[in-house]
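Report on the following structure.
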Amino acid sequence: MINQVTLVGRLTRDPELKETLEGTQVSHITLAVTRHYRNQKGEIEADFVQCTLWRKAAENTCKYCRKGSVVGITGRLQTRNYDNKEGKRVYVTEVIAETVRFLSSKPHEVAPEPKKEEMTIGV
């Protein structure tokens with residue numbers, strides 16, 4: 001059996017780092033992955049894929065990526081379910097990331113503004 005997923009897409013929001021009760025770092029991100037065809041209106045559509053990152057992958061993604069960053073993820077597809085407040089069963093399908101590659105170029109650092117020197121004018 002094979003369960004392997006490879007995705008390249010853009011982050012839909014800034015990633016947030018969280019910790020489990022045991023202290024393990026985790027981040028839940030959404031990746032916008034464009035489709036390879038246009039719809040009837042000529043627009044390119046995207047799929048929004050939920051991904052879970054653990055430990056160093058979560059830490060580094062939160063440290064180096066922002067909304068719009070291009071990220072490559074390989075991992076496995078996982079489905080889980082739970083009962084919501086209304087007692088209805090909810091199914092969640094997500095990618096559990098095994099590797100994450102940062103494909104955007106490094107953001108350019110903004111150079112600090114030069115200090116304004118005070119000038120004294122002699123009278």
Side-chain angles (χ1 to χ4, degrees):
M1 308 279 173
I2 298 174
N3 181 358
Q4 185 167 2
V5 176
T6 302
L7 299 170
V8 175
R10 293 189 180 273
L11 296 177
T12 61
R13 65 181 187 282
D14 289 347
E16 295 180 24
L17 189 63
K18 298 180 180 181
E19 284 190 3
T20 64
L21 296 174
E22 295 82 23
T24 306
Q25 296 173 321
V26 62
S27 182
H28 300 283
I29 63 169
T30 302
L31 209 57
V33 182
T34 56
R35 296 180 181 171
H36 291 287
Y37 58 88
R38 297 180 184 269
N39 63 17
Q40 291 179 344
K41 296 179 182 178
E43 302 166 335
I44 296 176
E45 295 181 349
D47 292 303
F48 297 90
V49 182
Q50 305 296 318
C51 302
T52 300
L53 316 175
W54 292 96
R55 299 173 186 81
K56 275 292 189 190
E59 180 183 347
N60 289 334
T61 301
C62 292
K63 186 175 182 181
Y64 297 111
C65 297
R66 296 290 169 257
K67 177 181 178 178
S69 296
V70 179
V71 176
I73 291 180
T74 57
R76 61 186 166 80
L77 202 57
Q78 178 175 296
T79 302
R80 57 187 168 87
N81 62 69
Y82 64 93
D83 294 328
N84 66 11
K85 294 178 183 177
E86 292 81 36
K88 185 176 178 180
R89 172 106 350 136
V90 177
Y91 291 90
V92 178
T93 301
E94 61 192 341
V95 173
I96 306 300
E98 294 169 3
T99 61
V100 179
R101 294 190 185 258
F102 308 144
L103 303 175
S104 293
S105 59
K106 289 184 179 180
H108 298 291
E109 292 188 62
V110 178
E113 289 187 30
K115 294 181 181 179
K116 295 181 181 179
E117 296 180 23
E118 291 186 30
M119 296 177 58
T120 56
I121 300 175
V123 184

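Every value quoted in this text rests on a predicted model; they were computed, and no experiment measured them.
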task: Would you kindly say whether Thr24 and Glu22 are connected by a side-chain donor-acceptor distance under 3.5 Å?
output: no

task: Please report the closest heavy-atom contact between Gly68 and Ser104, naming both atoms and the distance.
output: O-OG, 4.5 Å

query: Where the side chain of Asp14 meets the backbone of Lys67, is there a donor-acceptor pair that is under 3.5 Å apart?
result: yes

task: Verify whether one side chain among Thr6 and Thr74 offers a donor that lies under 3.5 Å from an acceptor in the other.
output: no

query: Given side chains that start at C-beta, do those of Gln25 and Arg55 come closer than 4.5 Å, heavy atoms only?
result: no

- request: Look at atom CD of Glu16 and say whether more than 12 heavy atoms of other residues, nucleotides or ligands are closer to it than 6.0 Å.
  value: no

statement: Joining Ile, Leu, Val, Met, Phe, Trp and Tyr whenever any side-chain heavy atoms lie under 4.5 Å apart, the cluster holding Val8 also takes in Val70, Leu103

message: Counting C-beta onward and ignoring hydrogens, is there a side-chain heavy-atom pair between Arg38 and Glu43 closer than 4.5 Å?
response: no

message: According to a hydrophobic-cluster definition based on side-chain heavy atoms being under 4.5 Å apart (Ile, Leu, Val, Met, Phe, Trp, Tyr only), do Val5 and Phe102 belong together?
response: yes

field: Residues forming a side chain to side chain donor-acceptor pair (under 3.5 Å) with Gln50, sequence neighbours excluded
entry: Thr30

query: Is Ser69 reaching over with its side chain to a backbone N or O of Arg66, donor-acceptor style, under 3.5 angstrom?
result: yes

- prompt: With clusters built from Ile, Leu, Val, Met, Phe, Trp and Tyr whose side-chain heavy atoms come within less than 4.5 Å, directly or transitively, what are the remaining members of the cluster of Ile96, listed by chain and number?
  reply: Val26, Trp54

field: NZ/NE/NH1/NH2 to OD/OE distance under 4.0 Å, Asp83 and Arg89
entry: yes

field: Inter-residue atom distance Lys18.NZ - Cys62.SG, 0.5 Å rounding
entry: 10.0 Å

task: Decide yes or no for Val71 and Leu31: does some side-chain heavy atom of the first lie under 4.5 Å from some side-chain heavy atom of the second?
output: yes

message: For a 4.5 angstrom cut-off between non-hydrogen side-chain atoms, does Ile73 reach Leu53?
response: yes

message: Is there a side-chain contact between Asp47 and Arg35 in this structure, where contact means two heavy atoms from C-beta onward sitting under 4.5 Å apart?
response: yes

- prompt: Is the shortest side-chain N to carboxylate O distance from Glu94 to Arg80 below 4.0 Å?
  reply: yes

field: OG1 on Thr12 to CZ on Phe48, rounded to 0.5 Å
entry: 7.5 Å

task: Answer yes if Ile29 and Leu77 sit in the same cluster of Ile, Leu, Val, Met, Phe, Trp and Tyr residues linked by side chain heavy atoms under 4.5 Å apart, and no otherwise.
output: yes

message: Is there a side-chain contact between Asn81 and Val90 in this structure, where contact means two heavy atoms from C-beta onward sitting under 4.5 Å apart?
response: no

message: Do Val92 and Val95 sit in one hydrophobic cluster, given that two such residues count as connected whenever their side-chain heavy atoms are within less than 4.5 Å of each other, even indirectly?
response: no

